[in-house]
Amino acid sequence: MQGQDRPRRLVVAARRGGELIDLAIAQPGDELVVADSPEGRRVLRHSAAHVVAKAITRLWPGTQLGVGPATEDGFFYDVALPGGLRLSDEDLARIEEEAKQIVQADEPFERLDVSLSEARELLRDQVFKREILDRIARGEDELDAAAGATVSLYRTGGDFVDLCRGPHVPRTSSIGALRLLRVSGAYWRGDEHGPQLQRVAGTAFETESALEAWLSQLAEAERRDHRRRGVEQRLFFFPGEIGGGLPVFEPDGAWIRYRLEDFSRRLHFSAGYLPVWTPHVTRGALFELSGHLGWYRESMYPPMELDGQEYFLKPMSCPMHLLAYRQHPRSYRELPLRLFELATVYRYERSGTLHGLARVRALTQDDAHIFCRPDQLADELAGVLDLVQRLFGAFGLEDFDAELSTRPAKSVGSDEDWEFATTAARDALERSGLTYRVAPGEGAFYAPKIDLHLRDAIGRRWQVSTVQVDLQLPQRFELTYQSASNRLERPFMVHRALYGSVERFLAILLEHFDGVLPPWMVRTPVRVLPVAHDATPWAQGVVAALERRGVGAAVVPPDETLGVRLRRARSERVPFIIVVGGRDVEAGTVGLTRPDRTQVRDVPLDAMLEEVVAAVAMPEVG
RNA sequence: GCCCGGGUAGCUCAGUCGGCAGAGCAGCUCACUCGUAAUGAGCAGGUCAGGGGUUCGAGUCCCCUCCCGGGCUCCA
């Protein structure tokens with residue numbers, strides 16, 4: 001019977017010479033692609049997108065189809081309904097129902113290779129498809145230029161034809177499970193000045209159980225959502241009166257960010273960085289000089305007028321740090337000079353992109369700028385990468401990788417400088433032992449950069465640190481130093497932020513640890529619950545002993561049942577929960593629930609103190 | 001900014017066809033004194049986001065504004 005529970009692996013496509021092709025034209029020797037592989041799922045989801053397009057066309061004849069690709073874990077199809085009709089959630093359910101019927105009908109996907117003019121004829125009512133055909137005809141899409149004068153269409157059942165490169169699953173029944181998730185707006189070709197389309201997004205899996213597993217993973221991510229933790233643990237909130245993306249931290253939340261900031265300061269000062277402090281507001285002249293007003297103005301808060309001058313909130317601190325460098329003539333002996341500041345900066349993020357603490361309009365960067373000689377550059381970059389690993393290691397975060405982005409097509413700076421800086425970055429990466437990949441042409445126009453991504457407890461990747469070698473600002477600010485041979489030389493400058501932003505890093509930590517943060521970050525890491533009144537004096541004694549050792553602790557008296565108090569302590573993510581009852585009063589012991597939620601009973605007071613005191617100490621940075 | 005959804009008690013939400021404003025949790029009072037995730041009873045709590053309109057009558061229907069959430073790189 002077991003064999004029937006586990007169906008044979010379904011083959012949905014084939015691969016020949018690295019290229020995915022339809023199963024129908026597969027020959028012996030081609031590699032088979034199964035449905036439950038990453039590639040197989042892409043094919044299956046792409047086919048699901050077609051099925052959805054067909055379903056929408058059936059429900060609303062005359063629908064204009066845009067594009068419908070597979071995405072990282074699903075698919076979408078962009079459509080324009082006749083008469084500019086907007087889709088609602090109820091419509092989504094109808095579309096899903098219709099699509100499932102098409103899947104059940106087990107219609108074949110049939111490929112037709114036709115000439116451009118035949119394609120135009122077949123798709124004459126589809127304005128977006130005709131536009132794509134025009135682009136193909138003009139050879140604007142490199143991939144298609146090679147395809148020559150024919151294009152491929154896919155016929156799904158007898159009554160639906162769509163322009164598509166393919167490949168597709170052989171029959172619609174290969175789509176084991178399909179779910180539509182949301183409808184949203186999208187622009188034709190991603191251009192916000194172009195026509196507005198409606199994006200119907202969903203996902204598909206080879207089996208219903210695989211879909212369920214994915215949905216429950218989504219639910220887990222939602223359960224861990226840091227915005228929810230923020231409310232339940234009274235850490236922070238976003239008052240409507242202040243405005244989108246501008247958080248207020250309550251005492252327990254502010255405590256946590258202070259600890260993050262203190263840890264950052266300690267780490268940086270121990271690594272030879274020097275503090276600077278710069279204001280939040282500046283005359284526009286500074287950002288003229290830096291060039292930011294030219295290319296970054298859209299992301300800045302608009303200016304305030306004062307004494308006939310324009311003042312701006314700073315979106316970054318680098319120009320001010322450059323002034324701090326320039327304030328004195330510098331000798332090569334002073335370099336490297338590493339200037340560090342935890343600076344809150346203000347950026348105008350578009351309202352739709354704001355997301356809890358992960359995307360805010362007031363963010364605090366652990367920002368530093370390193371000014372150094374060319375011969376120091378590689379060492380400095382390696383030093384930054386070492387610091388990053390020590391920083392994240394202190395939180396138990398060790399699963400991360402780097403990305404080196406090189407010179408883009410449009411850039412400033414000399415070929416030699418780009419070459420030199422990029423080589424130094426690659427050298428530093430090699431020395432760091434980090435796994436990294438190169439993203440050609442993805443660098444900023446003024447800098448090659450190294451980005452660090454970390455993977456959290458439920459497998460999501462987050463971009464955190466960024467390191468850039470700036471090839472523009474030292475020149476714009478005419479920075480110099482006196483070299484050993486008594487000449488004025490231009491220093492290299494490195495921008496770097498390790499947390500990225502304190503707010504965003506806190507969001508990542510909250511989701512990674514499901515709210516149970518490392519005890520050293522928490523204001524009151526211990527809560528003591530006496531079982532009944534007769535244990536209250538002992539509970540108070542335990543708290544007093546903890547406080548003598550500098551540990552924040554509080555008693556919750558037995559006015560409520562133990563179950564209620566435990567439940568609250570857990571939902572508020574108190575790292576250490578101590579229960580004391582008659583037995584403990586007699587023996588001088590406690591019952592301890594640890595941050596990882598393991599429990600031990602009858603722990604002698606001193607043993608508990610030793611464990612807790614060690615856990616609440618800020619990690620060593622050496 | 002644009003598309004979709006939402007805004008009702010401190011929080012989470014229900015409110016049917018337009019006909020007296022509801023529940024759970026939290027808060028307060030009282031009783032209960034409990035060994036690892038919700039004890040019971042009572043009390044109090046509202047400009048139904050704001051403005052305008054339709055109507056005998058609007059939380060509910062229409063319009064405008066504000067705010068919140070999701071989505072908007074993926075290119076046949």
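Proteins come first, then strands; the chains are lettered A, B, ... in the order of their sequence lines, and each starts at number 1.
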Both distances under 3.5 Å, Watson-Crick or G-U wobble: report the partner of [N], or none.
{"N": "B/G1", "result": "B/C72"}
{"N": "B/A26", "result": "none"}
{"N": "B/A49", "result": "B/U65"}

May I ask you to say what [X] touches in the nucleic acid, namely base, sugar-phosphate or nothing, with a heavy-atom cut-off under 4.0 Å?
{"X": "A/Arg583", "value": "base"}
{"X": "A/Asp78", "value": "nothing"}
{"X": "A/Pro558", "value": "base"}
{"X": "A/Val67", "value": "sugar-phosphate"}
{"X": "A/Val564", "value": "sugar-phosphate"}

Using the [atom1] atoms only, state how far [M] lies from [N], rounded to an integer number of Å.
{"N": "B/U65", "M": "B/G70", "atom1": "P", "answer": "23 Å"}
{"N": "B/G71", "M": "B/C17", "atom1": "P", "answer": "32 Å"}
{"N": "B/G45", "M": "B/U29", "atom1": "C1'", "answer": "15 Å"}
{"N": "B/A44", "M": "B/C64", "atom1": "C1'", "answer": "37 Å"}
{"N": "B/A14", "M": "B/G6", "atom1": "P", "answer": "10 Å"}
{"N": "B/G1", "M": "B/A9", "atom1": "P", "answer": "26 Å"}
{"N": "B/U16", "M": "B/C56", "atom1": "P", "answer": "22 Å"}
{"N": "B/A58", "M": "B/C48", "atom1": "P", "answer": "12 Å"}

Rounding to a whole Å, what distance do you find between [X]:[atom1] and [N]:[atom2]?
{"X": "A/Tyr77", "N": "B/C75", "atom1": "OH", "atom2": "P", "answer": "14 Å"}
{"X": "A/Tyr187", "N": "B/C74", "atom1": "OH", "atom2": "C1'", "answer": "17 Å"}
{"X": "A/Leu566", "N": "B/U39", "atom1": "CG", "atom2": "P", "answer": "11 Å"}
{"X": "A/Glu572", "N": "B/A38", "atom1": "CD", "atom2": "P", "answer": "15 Å"}
{"X": "A/Gln198", "N": "B/C4", "atom1": "CD", "atom2": "C1'", "answer": "8 Å"}
{"X": "A/Leu181", "N": "B/G70", "atom1": "CG", "atom2": "P", "answer": "15 Å"}
{"X": "A/Ile577", "N": "B/G35", "atom1": "CD1", "atom2": "C1'", "answer": "14 Å"}
{"X": "A/Gln233", "N": "B/C11", "atom1": "CD", "atom2": "P", "answer": "18 Å"}

Can a side chain N or O of A/His355 be found less than 4.0 Å away from OP1 or OP2 on B/G70?
->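 Checking A/His355 against B/G70: at least one side-chain N or O falls below 4.0 Å of OP1 or OP2.
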Give a yes/no answer on whether the side chain of A/Arg567 brings an N or O atom under 4.0 Å of OP1 or OP2 in B/A38.
->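 Checking A/Arg567 against B/A38: no side-chain N or O falls below 4.0 Å of OP1 or OP2.
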Just compare [options] and give me whichever is closest to any side-chain atom of [X].
{"X": "A/Arg350", "options": "B/C74, B/G1, B/G35", "value": "B/G1"}
{"X": "A/Leu163", "options": "B/G35, B/U39, B/A76", "value": "B/A76"}
{"X": "A/Thr353", "options": "B/C74, B/C72, B/C34", "value": "B/C72"}
{"X": "A/Arg227", "options": "B/C72, B/G70, B/A76", "value": "B/G70"}
{"X": "A/Val151", "options": "B/C74, B/A38, B/A76", "value": "B/A76"}
{"X": "A/Arg570", "options": "B/A76, B/C34, B/A37", "value": "B/A37"}
{"X": "A/Arg601", "options": "B/G1, B/A76, B/U36", "value": "B/U36"}

Starting at the 5' end of RNA chain B and moving along, which residue's nearest nucleotide shows up first, A/Asp534 or A/Gly244?
->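 Going by which nucleotide is closer to the 5' end, it is A/Asp534.
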Most 5' of A/Leu197 and A/Arg573 on RNA chain B, judged by nearest nucleotide =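 Nearer the 5' end of the strand: A/Leu197.
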What donor-acceptor contacts under 3.5 angstrom involve side-chain atoms of residues 576-583 of chain A, with partners at least two apart or in another chain?
from     : atom 1 : to       : atom 2 : distance (Å)
A/Arg583 : NE     : A/Asp602 : OD1    : 3.4
A/Arg583 : NH2    : A/Asp602 : OD1    : 3.2
A/Arg583 : NH2    : A/Asp602 : OD2    : 2.8

Answer yes or no: are there more than 12 heavy-atom neighbours, outside A/Arg234 itself, under 6.0 Å from its atom CZ?
->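 Count not over threshold, so no.
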Is any side-chain N of the basic residue among [X] and [Y] closer than 4.0 Å to the acidic one's carboxylate O?
{"X": "A/Lys100", "Y": "A/Glu96", "value": "yes"}
{"X": "A/Glu611", "Y": "A/Arg594", "value": "yes"}
{"X": "A/Glu503", "Y": "A/Arg359", "value": "no"}
{"X": "A/Arg16", "Y": "A/Glu19", "value": "no"}

Polar side chain donor-acceptor pair, A/Tyr436 to A/Asp451, under 3.5 angstrom =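 No, A/Asp451 and A/Tyr436 have no side-chain donor paired with an acceptor closer than 3.5 Å.
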How are the rings of A/Trp295 and A/Tyr446 set to each other: parallel, tilted or perpendicular (split at 30° and 60°)?
->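 Correct class here is tilted.
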A/Phe109 vs A/His50 aromatic rings, parallel, tilted or perpendicular, using cut-offs 30° and 60°?
->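 Geometry flag for A/His50 against A/Phe109: perpendicular rings.
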Got a sec? Which of residues 590-599 of chain A come in under 4.0 Å of RNA chain B, heavy atoms?
->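 A/Gly591, A/Thr593, A/Gln599 - these, ordered by number, are the residues of the stretch whose heavy atoms sit under 4.0 Å from the strand.
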Looking at side-chain heavy atoms only, is the closest gap between A/Ser405 and A/Glu403 below 4.5 Å?
->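 Answer yes - side chains close enough.
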